[in-house]
2 protein chains.
Amino acid sequence: MDERRTDDRTDGDAEAAAVSRFVERFAAQLVQAGMTRMPARVFAALLSSEQGALTSAELSGQLKVSPAAVSGAVRYLAQVNLVSREREPGSRRERYRVQGDQWYNALLERDAFLRNWQTTMREGVEQFGLDTPQGRRINETLEFFLFLEKELGSLMQRWAAHRAEHLGS
Amino acid sequence: MDERRTDDRTDGDAEAAAVSRFVERFAAQLVQAGMTRMPARVFAALLSSEQGALTSAELSGQLKVSPAAVSGAVRYLAQVNLVSREREPGSRRERYRVQGDQWYNALLERDAFLRNWQTTMREGVEQFGLDTPQGRRINETLEFFLFLEKELGSLMQRWAAHRAEHLGS
DNA sequence: CTTTAACTTCACACATTTCTGAAAGAAGCG
DNA sequence: CGCTTCTTTCAGAAATGTGTGAAGTTAAAG
C-alpha cells in the first residue's frame, strides 16, 4: 500500500486529485458504454463519495461545472433510477444519492429495450414470412432476445443471492 | 397476413418501401442502444437482405447514402465482428455479410468492456481501501462485474445449445 | 502497361449535442 | 409577506459528430 489516504485528512488536495482521477477514468468508461458525459461524471463522483451522496453545490464544485449542468445530469440519472433525490429537511439543499442496487436496476431497465426489439423483430418476421431466408434470420434474432429476457431475470436473482451471501448490506 | 410480399416480385416498389420501414425502425433502436447511425442502418439492411449479404453499391443505393458513408460503416462493423467482408472472385466488387452468430459475438465483445471496468474498480478499491464506505461500495461493483463475466459465459453456452436444438443451421 | 471499376481516405460543411450564463421559479426563514 | 438561498429552465455559444464530394489507391481486364 502506497500513498492512499495519508490518514484521514493530512493532505486534502492530493486526496482530492486522486479521487478526481478515479472519477474521470470511470466516467470515461461509462461514456464509452453509451452514457452521456455529464451523467457519467456525476454518477462516478457519487459512487466515490464517502456517504454515497452529495449536494448539487458539492458536485458543481468538485466537477468544475455549472449548477445547470448538474441539474440536467441528475434529472437523467433519476429518470433511469441510478440516483435518488433527497430533500434535506430544513434547507433548500438537495442531496443526490446512488442507489444501493444501481447496476441491478440498470440491467433491469434493459428489459424495456428488449421488449421494443422483440416487437420490431416480430414485425419483421411477419413482413418477410418464415419461408424466406430473411424471415428465418430475423426470427432467430427474435428467439435470442426472448432467450435473453428469460435468462437475465434468473441471472439477477442469482446475483441478489450471491450478494446477500457475501456481503452484509 | 396482409400485404406482405405479393408473390415474389409483383410490386417491387411497395416491397422495397416495406423493407425500408423495417430497416429504419430497427436501425433507430440500435442507435438508441448506443450504436452510431450509419453502422446501424447498414447492419439492419444486411439482416433484412435475402442472402444476408449485399455489395457496397447495393447498400449505397438502398440506404441513399454515399459510398464513403458505407465504407466507414462497414469498417466499424467489421471491427466489432458483426459483418465479414467477402471478395467476389473475378470482380472488384466486395460483399458484406452478417455473421450468423452476430449477437453472440456482440455479447462476447462486451467481455472486453467488463475487463476494463474491473481494472478501474480494482484501482478504486485500492485507492480508497476496504475500510472506507466508498471502498466497500466500489468493491461491490467489482464483484458484480466479476459475477457478470462468469454468468455471461455460461449464458452464451446455453444459447448455443438452445439454438442448435430449435434450429437447424 | 494502360484503362477502368470499385472501394477508401481526407478535408470540409452541416447538423446535433452539450454546457454555460442569465433569468425565473420554489422553499425555508425572519 | 418579502428576503434569501438553492435549483431549474431556456436561449445561445462552443464543441463534437456525421455524411459528402473529390482525390487517391488497389486490382481486374483489355
Side-chain angles (χ1 to χ4, degrees), chain A residues 20 23-24 27-46 49 51 53-80 82-97, chain B residues 20 23-24 26-46 49 51 53-80 82-98:
Chain A
S20 179
V23 166
E24 295 305 329
Q29 290 184 330
L30 288 170
V31 168
Q32 211 183 354
M35 194 184 281
T36 42
R37 178 159 289 119
M38 196 57 66
R41 295 181 73 205
V42 167
F43 182 72
L46 289 175
S49 70
Q51 304 301 327
L54 294 170
T55 66
S56 181
E58 287 168 330
L59 283 166
S60 184
Q62 190 175 321
L63 299 176
K64 298 214 179 69
V65 294
S66 71
V70 173
S71 176
V74 164
R75 174 155 40 119
Y76 170 79
L77 289 171
Q79 208 161 20
V80 299
L82 282 174
V83 153
S84 64
R85 310 160 100 98
E86 297 177 356
R87 265 240 159 17
E88 281 191 71
S91 170
R92 35 229 157 287
R93 274 200 181 155
E94 208 156 10
R95 314 199 100 211
Y96 308 117
R97 177 175 300 282
Chain B
S20 178
V23 167
E24 294 306 328
F26 183 29
Q29 290 184 330
L30 287 170
V31 168
Q32 211 182 354
M35 193 183 283
T36 41
R37 188 176 312 276
M38 196 56 67
R41 295 181 72 205
V42 168
F43 182 73
L46 289 175
S49 70
Q51 303 302 327
L54 294 170
T55 66
S56 181
E58 286 168 331
L59 283 166
S60 184
Q62 192 176 319
L63 300 176
K64 299 214 177 70
V65 293
S66 71
V70 173
S71 176
V74 165
R75 174 157 41 121
Y76 170 78
L77 289 170
Q79 208 161 21
V80 300
L82 283 172
V83 153
S84 64
R85 310 159 101 98
E86 296 176 359
R87 264 234 160 22
E88 281 191 71
S91 171
R92 33 226 161 289
R93 272 199 182 155
E94 210 157 8
R95 314 199 98 209
Y96 307 117
R97 178 175 299 282
V98 289

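In the text below, chain A, chain B and the rest are named by the order of the sequence lines, each starting its count at 1. Below, all heavy atoms of this structure are taken into account, side chains as well, without hydrogens, waters or symmetry copies. No experiment lies behind these values; they were computed from the predicted model shown.
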Between the protein and nucleotides 17-23 of chain D, list the N/O to N/O atom pairs that are separated by less than 3.5 angstrom.
unit_1  : atom_1 : unit_2 : atom_2 : d
dT20(D) : OP2    : S66(B) : N      : 3.0
dT20(D) : OP2    : S66(B) : OG     : 2.9

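- Per the geometry, CD belonging to E94(B) stands 18 Å off P belonging to dA5(C), to the nearest Å.
- By the side chain to side chain contact (heavy atoms under 4.5 Å, CB included) test, E94(A) pairs with R85(A), R87(A), Y96(A), sequence neighbours left out.
- Remark: R75(A) pairs with no residue by the salt bridge (Lys or Arg N to Asp or Glu O under 4.0 Å) rule, at least two apart or across chains.
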What nitrogen or oxygen pairs link the protein and nucleotides 25-30 of chain C at under 3.5 Å?
unit_1  : atom_1 : unit_2 : atom_2 : d
dC29(C) : OP1    : G90(A) : O      : 3.1

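- Q62(A) is linked by a side-chain hydrogen bond (donor to acceptor under 3.5 Å, both in side chains) to nothing, counting only residues two or more places apart in sequence or in another chain.
- Here dT8(C) presents its P atom at 11 Å from CG of L59(B), a figure rounded to the nearest Å.
- Taking a cutoff of 4.0 Å between a charged side-chain nitrogen and a carboxylate oxygen, E88(B) and R95(B) qualify as a salt bridge.
- Computed from coordinates, the R95(B) CZ to dA5(C) P distance equals 20 Å when rounded to whole Å.
- If you check every strand for non-hydrogen atoms under 4.0 Å, Y76(A) touches nothing.
- Residue pairs meeting the salt bridge (charged side-chain N to carboxylate O under 4.0 Å, His left out) criterion with at least one member in residues 28-41 of chain A, sequence neighbours excluded: E24(A)-R41(A).
- Look at CZ on R85(A): it is 13 Å from C1' on dC6(D), rounded to the nearest Å.
- A straight line from CG of L63(A) to P of dT20(C) spans 10 Å, rounded to a whole angstrom.
- Close to dC7(C), at under 4.0 Å from its OP1 or OP2, lies a side-chain N or O of S56(B).
- Residue R93(B) places no side-chain N or O under 4.0 Å from the OP1 or OP2 atom of dA28(D).
- With sequence neighbours left out, A57(B) forms a side chain to side chain contact (heavy atoms under 4.5 Å, CB included) with T55(B).
- Scored by the side chain to side chain contact (heavy atoms under 4.5 Å, CB included) test, Q32(A) finds F113(B) as partners (sequence neighbours excluded).
- Partners of T36(B) under the side chain to side chain contact (heavy atoms under 4.5 Å, CB included) rule, at least two apart in sequence or in another chain, are P39(B).
- If you take OH of Y96(B) and P of dA6(C), they are 12 Å apart, rounded to a whole angstrom.
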